[in-house]
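This report refers to the structure that appears directly beneath it.
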2 protein chains.
Amino acid sequence: MDQHRDYESELREAGVRLTKPRKIILKILGESQDHPDAMAIFRRAVKIDASISLATVYRTMKLLEGLGAVHRHSFEGGPARFEHADGEHHDHLIDLDTGRVIEFHSETLERLQEQIADELGYDIEHHRLELYGRKRRQR
Amino acid sequence: MDQHRDYESELREAGVRLTKPRKIILKILGESQDHPDAMAIFRRAVKIDASISLATVYRTMKLLEGLGAVHRHSFEGGPARFEHADGEHHDHLIDLDTGRVIEFHSETLERLQEQIADELGYDIEHHRLELYGRKRRQR
DNA sequence: AATGAAAATGCAAATCGTTTGCAACAAGTG
DNA sequence: CACTTGTTGCAAACGATTTGCATTTTCATT
Ligand SMILES: [Mn+2]
Ligand SMILES: [Mn+2]
Ligand SMILES: [Zn+2]
Ligand SMILES: [Zn+2]
């Protein structure tokens, strides 16, 4: 139920200290349904504890990414954006007009990618699929 | 036959001046089979004309991208990399051990993407698919 | 609860890739 | 060849991210 519970134990297991800034950032990530960038996370964090620094947000994101607790995305143009890594894998469709990020998942697509890599003699470690599009006009 | 011939006329049509730096960069892009970044293009250009500046490389890449003459990629980590846009569309598989970029194309994959976007009510403007993997061990 | 070693923090400065202002310079037109 | 205007090189500015360092915290240990 409690989203960031898992995270905290994960951190513990990884042998990293559960500090105040980390708890706050973890909580923010757990509650975020969007894909905030470091600055957005920082802004939300400051509301909870004004002493947090942007550098710590960056350091924490890197740490969490390394632990596999968050995913980093680099959508066209902008700064890196993050999301908690507890859901199942999905890819993204970015609405070019609104900037909205829509998540989707296709098992067929995933398998096809693997098949392609396989034919090239490769094993996929990870991948990145981003569709950039606009809402189809009218009905 | 002559790869950069098309480019030069394209530039002409677009009403931009065919300057010395541009010709050189165009030639470099036409001959490149890899996906060089701005600095790599700059290094190659300097060998031809030592007076070329990195700023001009960046400006030219942006210009060419705007004209649809080159494609810009932002593979994981590194700086933007470019390639001439005269071939047919393809996606990339990046070898995590060597950094080598392998091109591939799957009509099925492309159609599947479109279908997914369609189901979400979107028209794809463009997309980005990158597979990151390692060569399958042994035979 | 007090101690101490090690890790993490905030701050400011540094770095990286890329962009930009501006004066000097070339491209293309006539 | 001359003129107009786009383009260049240079250096400084930028935005995002990282880093050095002195100061705080955490947390395992008394
Ligand atoms: Mn997502
Ligand atoms: Mn390519
Ligand atoms: Zn996927
Ligand atoms: Zn494709």
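Within every chain, numbering begins at 1; the chains are lettered A, B, ... in the order of the sequence lines, protein sequences first and strands thereafter. Predicted model, so just to flag it, every value in this text is computed and none were measured.
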Discussion item. Could you work out, with salt bridge (charged side-chain N to carboxylate O under 4.0 Å, His left out) as the rule, every residue matching B/Arg134, not counting sequence neighbours?
Written reply: A/Glu125, B/Asp97
Worksheet item: Is there a donor N/O on one and an acceptor N/O on the other, under 3.5 Å, for the side chain of A/Arg59 and the base of C/dG10?
Response: yes
Worksheet item: Side-chain heavy atoms under 4.5 angstrom apart, residues restricted to Ile, Leu, Val, Met, Phe, Trp, Tyr: same cluster for A/Met61 and A/Val16?
Response: yes
Item to complete: Heavy atoms under 4.0 Å is the rule here; annotate nucleotides 25-30 of chain D 5' to 3' with B where the base is hit, S where only the sugar-phosphate is, and - elsewhere.
Response: BBS---
Worksheet item: Nearest of C/dT20, C/dT18, D/dG9 to any side-chain atom of B/Ala38?
Response: C/dT18
Item to complete: Determine whether the aromatic ring centres of B/His92 and B/His35 lie less than 6.0 Å apart.
Response: yes
Worksheet item: Given side chains that start at C-beta, do those of A/Glu8 and A/Arg22 come closer than 4.5 Å, heavy atoms only?
Response: no
Worksheet item: Looking just at side-chain N and O atoms, do A/His89 and A/Glu110 make a donor-acceptor pair shorter than 3.5 Å?
Response: yes
Worksheet item: B/His90 and side-chain hydrogen bond (donor to acceptor under 3.5 Å, both in side chains): which partner among B/Glu83, B/His71, B/His105?
Response: B/Glu83
Fill in: Closest listed nucleotide, where the reference is the side chain of B/Ala80 and the choices are C/dC11, C/dT18, D/dA16
C/dT18
Worksheet entry | Minimum-distance nucleotide (side-chain atoms of B/Arg22 versus D/dT17, C/dT20, D/dT7) | D/dT7
Practice prompt. Would you indicate, yes or no, if D/dT17 has its OP1 or OP2 atom less than 4.0 angstrom from a side-chain nitrogen or oxygen of A/Tyr58?
Written response: yes
Item to complete: Looking only at side-chain atoms of B/Ile52, point me to the closest of D/dT17, D/dG9, C/dT19.
Response: D/dG9
